There are 2 protein chains.
Amino acid sequence: MVTFDRRWLPLNALRAFDAVGRHLSFTAAAHALGVSQSAVSRHVIGLEELLGHALFERRPQSLVLTKAGGALLPTVRGSFDRIEHALNDVVRDGGGLRTLRLQLPPSFAQKLALPILQAFRKDFPDIFIDFSSLGITGAPRTETDVAVIYDRPRTGEAVSDLLWMSRVTPGCSPALAAAHQGKTLERFIADNELLHVKLEGEPPGIIWQAFSRHFGLGVRTSRGLAFDTAALAAQYAASGEGVALLDRDLFATDIAAGTLVTPFAETFEDGYGYFLHLSADDLADPVIAVFRGWMIRNFARGVPS
Amino acid sequence: MVTFDRRWLPLNALRAFDAVGRHLSFTAAAHALGVSQSAVSRHVIGLEELLGHALFERRPQSLVLTKAGGALLPTVRGSFDRIEHALNDVVRDGGGLRTLRLQLPPSFAQKLALPILQAFRKDFPDIFIDFSSLGITGAPRTETDVAVIYDRPRTGEAVSDLLWMSRVTPGCSPALAAAHQGKTLERFIADNELLHVKLEGEPPGIIWQAFSRHFGLGVRTSRGLAFDTAALAAQYAASGEGVALLDRDLFATDIAAGTLVTPFAETFEDGYGYFLHLSADDLADPVIAVFRGWMIRNFARGVPS
DNA sequence: CGCGATAATGCCTTATCGGCATGAGCCGAT
DNA sequence: ATCGGCTCATGCCGATAAGGCATTATCGCG
């Protein structure tokens with residue numbers, strides 16, 4: 001029995017096999033490869049002898065893959081596809097700056113884009129990040145490689161990696177907190193304007209409602225103002241005009257800087273989180289895989305700032 | 001400028017490039033490939049001319065990849081790795097039965113393993129599933145391709161695909177439900193034994209506690225019995241000895257059969273879910289990718305039965 | 001039954017691949 | 001400085017595998 005290693009990969013034969021598997025015809029494959037039918041025939045036969053298994057079942061009218069052929073073909077085809085693309089990429093731009101298109105939700109972009117992009121560029125100066133913002137929820141809109149989305153865990157064939165689960169707590173300006181010093185959480189909320197963040201497909205106020213229900217607060221939550229993004233709500237809260245439910249990690253810098261305060265210990269996991277979202281096929285692209293790994297590792301050490 | 005297609009993939013040159021990239025030395029690469037240094041040198045030079053970009057920077061003492069080389073190498077190496085493995089797989093067993101090792105949590109295995117395995121085997125008769133349960137006592141099998149785990153959404157480099165989020169509701173035997181006919185949810189829970197499922201890293205009773213808090217029930221939840229698996233708790237509940245929080249999807253067949261009833265409309269999403277868990281690298285294996293896609297598509301149409 | 005498909009095969013040509021020997025830089029030790 | 005040892009590049013040549021052409025075998029179809 002032969003075992004294969006790098007020194008002896010029957011590459012030309014594999015290319016012939018790939019073409020035949022694609023066209024399911026020796027003649028057509030030969031034509032596609034620009035060689036004669038006999039050459040292709042030889043290659044495939046040689047490969048079959050090497051493997052000790054037939055790759056195609058020759059039928060009078062048609063050619064069909066054997067189990068062995070079926071097992072081999074997807075790998076071979078995928079590999080050649082990737083090599084082909086990689087070669088053309090290099091020819092085109094010398095592999096100089098691979099650009100990775102990234103979409104971020106607005107609040108995330110506003111708070112974290114800079115530290116992330118700077119840190120990533122430091123580690124991978126040759127990967128150019130073309131980044132754009134998108135709506136707060138939902139799937140990425142345009143052609144993009146990787147997107148961060150704010151969503152609940154969802155099913156789907158796309159690869160979806162959790163960066164962190166959102167954990168919210170009431171936040172407001174220091175002045176407002178001081179003015180209501182000593183009040184209970186329930187009283188504090190009842191006495192102040194509530195700032196909501198709109199979420200696609202959810203009724204407004206749902207997060208405040210879930211929050212108050214979770215902590216058993218008897219307050220009416222369907223009042224106040226609603227904003228498109230968390231960052232806007234936070235900004236409004238910082239001006240002293242109300243209290244918003246803030247993601248502690250997302251607004252860590254504001255809290256540290258003192259422009260926002262979180263007077264209560266109660267934090268609530270609302271089932272939403274920030275996910276890195278990309279197509280399963282794209283994971284085969286080393287640049288995208290590298291970026292994914294880098295993001296996951298970085299956020300595992302806590303949300304950057 | 002040349003553009004590459006299948007007909008002119010310089011495969012032998014790429015193999016040489018891969019080896020040189022691995023060893024960062026023409027001589028060492030030549031030795032590893034079992035050919036002379038000159039052959040390797042020619043190949044790399046030829047490839048560089050084809051691409052119009054240098055792949056290595058020749059320095060007196062050392063060889064370093066150029067940007068173009070760095071962009072190309074991971075793809076080429078990964079592709080050859082996969083081809084090498086695929087070829088050896090075929091040699092070994094003719095690609096006949098690719099076996100995929102699958103691990104399932106006990107309750108999941110008990111309720112869903114059969115329908116899933118049967119349906120999958122019908123669609124892919126050539127993939128043999130070697131499935132094992134994450135037994136309570138069973139030694140954790142590290143050698144596995146894909147696992148279903150019951151967990152909260154977590155961060156990590158492994159690819160984690162949500163199958164469905166757990167949604168629980170009180171369930172008990174029909175007799176017990178009849179005996180307490182007409183009671184409110186609060187009363188019903190207060191008057192019956194509570195059956196818990198133990199979760200690693202969580203205090204016992206946490207789900208009942210979250211459930212009652214979510215619906216504003218004033219009942220004590222830290223009482224009753226705790227079980228290792230949801231299936232055990234459900235079985236106990238079916239015997240009429242208490243009320244358990246059941247995942248509606250997981251126990252759909254029991255509910256349909258009437259051995260368990262869920263007398264209340266209140267369902268609660270507890271933040272846990274069933275995830276398909278696999279290594280990011282493994283996604284390059286067509287068999288594993290196929291299984292992943294199949295599972296995701298199937299569960300998207302609802303939990304099988 | 002012959003015609004038109006297909007893939008397999010024998011024979012021959014070719015050019016790709018690779019080996020050997022050598023050359024050209026560069027480094028460090030004597 | 002010079003020489004030996006190391007690296008990769010190159011000229012030349014031979015082996016061989018890759019491929020072309022023409023033919024054969026097999027099957028389906030009109």
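Bear in mind the structure is a predicted one, so any value in this text is a computation, not a measurement. Letters A, B, ... mirror the listed sequences (proteins, then strands); counts begin at 1. Worth knowing before you read on, the calculation uses all heavy atoms, side chains too, and leaves out hydrogens, waters and symmetry mates.
Straight-line distance from the CG atom of B/Leu33 to the P atom of C/dC17: 14 Å, rounded to whole Å. Distance CZ (B/Phe56) to P (D/dT7): 16 Å, rounded to an integer number of Å. We find that CD of A/Glu57 is positioned 14 Å from P of C/dA7, with the value rounded to whole Å. Nucleotide C/dC17 holds its P atom 11 Å from the CG atom of B/Leu14, rounded to whole Å. Atom-to-atom, CG of B/Leu47 to C1' of C/dT16 comes out at 15 Å; the value is rounded to the nearest Å. Between the CZ atom of B/Arg58 and the C1' atom of C/dG23 there is a distance of 17 Å, given to the nearest Å. At whole-Å resolution of the value, CH2 in A/Trp8 and C1' in C/dG18 are 15 Å apart. Between A/Glu49 atom CD and C/dA8 atom C1' the separation is 12 Å, expressed in whole Å.
In plain terms, the two heavy atoms of A/Ala28 and A/His23 that are nearest each other are CB-CB, 3.9 Å. Smallest separation of non-hydrogen atoms from A/Leu72 and A/Leu55: CD2-CD2, 4.2 Å.
In this structure, B/Ser25 reaches the sugar-phosphate backbone alone: every heavy-atom distance under 4.0 Å involves primed, P, OP1 or OP2 atoms, never a base. As judged by a 4.0 angstrom heavy-atom cut-off over every strand, B/Ser41 is placed among the base-contacting residues.
Across its full length, the helix from C/dC1-D/dG30 to C/dA15-D/dT16 shows an angle of 10° between the axes of its 5 terminal pairs at either end, rounded to 10 degrees. Comparing the helix axis at one end of the helix from C/dC17-D/dG14 to C/dT30-D/dA1 with that at the other, each defined from 5 consecutive pairs, gives an inter-axis angle of 10° (nearest 10°).
The aromatic rings of A/Phe56 and A/Phe26 sit perpendicular, their planes meeting at an angle over 60°, well past the 30° parallel limit. Ring-plane geometry between B/Phe120 and B/Phe291 is classed as perpendicular, the angle between the planes exceeding 60 degrees on a 0 to 90 degree scale with a lower cut at 30.
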Just by protein heavy atoms under 4.0 Å, how would nucleotides 13-30 of chain D read 5' to 3' in B, S and -? -----SSBB-----SS--

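The side chain to side chain donor-acceptor pair (under 3.5 Å) with A/Arg101 is formed by just one residue from the set A/Asp145, A/Thr144, A/Asp130; it is A/Asp145.
Remark: the backbone N or O of B/Ile83 is not paired with any side-chain donor or acceptor of A/Thr75 at under 3.5 angstrom. A/Arg292 contributes a side-chain N or O that, together with a main-chain N or O of B/Glu157, makes up a donor-acceptor pair within less than 3.5 Å.
The pair A/Arg59-A/Glu57 counts as a salt bridge, with a side-chain nitrogen and a carboxylate oxygen less than 4.0 angstrom apart. A salt bridge does not link A/Asp18 with A/Arg15: none of the charged nitrogens is closer than 4.0 Å to a carboxylate oxygen. For the pair B/Glu48 and B/Arg58, the salt-bridge criterion is met [side-chain N within less than 4.0 Å of a carboxylate O].
In the displayed structure, A/His31 atom NE2 is contacted under 6.0 Å by at most 12 heavy atoms of other residues, nucleotides or ligands.
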